[in-house]
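Because only heavy atoms are used, hydrogens play no part in the values below, and waters and symmetry mates are left out as well, while side chains stay in.
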Amino acid sequence: MSNVADNIEESGAAKVDPGPSSHALAVARWRDLGARVIWGVCVTLALILAAAAFTFALEANANNDLVKIVRDLANTFDLGFFDLDNPVKEFTGKNDDVKTALFNYGIAAVVYLVIGRLLERVIRP
């Protein structure tokens, strides 16, 4: 009961705990938003790489504009290490281009997801 008595002002109204400052809440909101944006960007880039790999696996028409766009985007975002012109692992034999694309773009997609999740965990409050 002494806690209740301590929290009552002379006017008879109870004191309200202000809680965290509005500045701290604003910072936490911005950090949360930043973490979500970074995670969303990394997932989007991983999906682009996966879509490009599937265009090779499904033997999509390379002259189709959508296929060209997806493959060009994947070539842009393949981190340079997983480029199909100089791949990490290059397969030979039957369906070598499909295997090479699936392996290299798949690994690049996983790298984006891991980096995105790590950054999201570090940034999020």
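In this structure, Ile107 and Val88 have side chains that are not in contact, with every pair of non-hydrogen atoms separated by 4.5 Å or more.
Across every non-hydrogen atom of Ala108 and Leu49, the tightest pair is CB-CD1, 3.7 Å. Taking all atoms of both residues into account, the shortest heavy-atom contact from Ala62 to Val67 is CA-CG1, 4.2 Å.
Leu118 belongs to a hydrophobic cluster with Val110, Val114, counting contacts under 4.5 Å between side-chain heavy atoms of Ile, Leu, Val, Met, Phe, Trp and Tyr, direct or through other members.
For Leu47, the side-chain contact (heavy atoms from CB on, under 4.5 Å) partners are Val43, not counting sequence neighbours. Applying the side-chain contact (heavy atoms from CB on, under 4.5 Å) criterion to Leu33, with sequence neighbours excluded, gives Trp30, Val37. Among residues two or more places apart in sequence or in another chain, the side-chain contact (heavy atoms from CB on, under 4.5 Å) test is passed with Leu84 by Phe56, Thr100, Ala101, Asn104, Tyr105. Partners of Arg36 according to the side chain to side chain donor-acceptor pair (under 3.5 Å) rule, which considers only residues two or more places apart in sequence or in another chain, are Asp32. Taking Lys89 as the reference, Phe91, Phe103 meet the side-chain contact (heavy atoms from CB on, under 4.5 Å) condition, with sequence neighbours excluded.
Applying the salt bridge (charged side-chain N to carboxylate O under 4.0 Å, His left out) definition to pairs two or more places apart or across chains, none involves residues 41-53. Applying the side chain to side chain donor-acceptor pair (under 3.5 Å) test to every pair with at least one member in residues 40-54, sequence neighbours left out, gives no pairs at all. The stretch residues 48-65 participates, sequence neighbours left out, in these side chain to side chain donor-acceptor pair (under 3.5 Å) pairs: Thr55-Arg71. Among pairs with a residue in residues 106-121, those fulfilling side chain to side chain donor-acceptor pair (under 3.5 Å) read Arg117-Glu120, Glu120-Arg124, at least two apart in sequence or across chains.
When hydrophobic clusters are built by joining Ile, Leu, Val, Met, Phe, Trp and Tyr residues whose side-chain heavy atoms come closer than 4.5 Å, directly or via intermediates, Val111 is grouped together with Leu119. Residues Val98 and Phe54 do not share a hydrophobic cluster, clusters being chains of Ile/Leu/Val/Met/Phe/Trp/Tyr side chains in contact below 4.5 Å.
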Side-chain donor-acceptor pairs under 3.5 Å in residues 74-83, sequence neighbours left out?
unit_1 : atom_1 : unit_2 : atom_2 : d
Thr76  : OG1    : Asp72  : O      : 2.9
Asp78  : OD1    : Gly80  : N      : 3.1

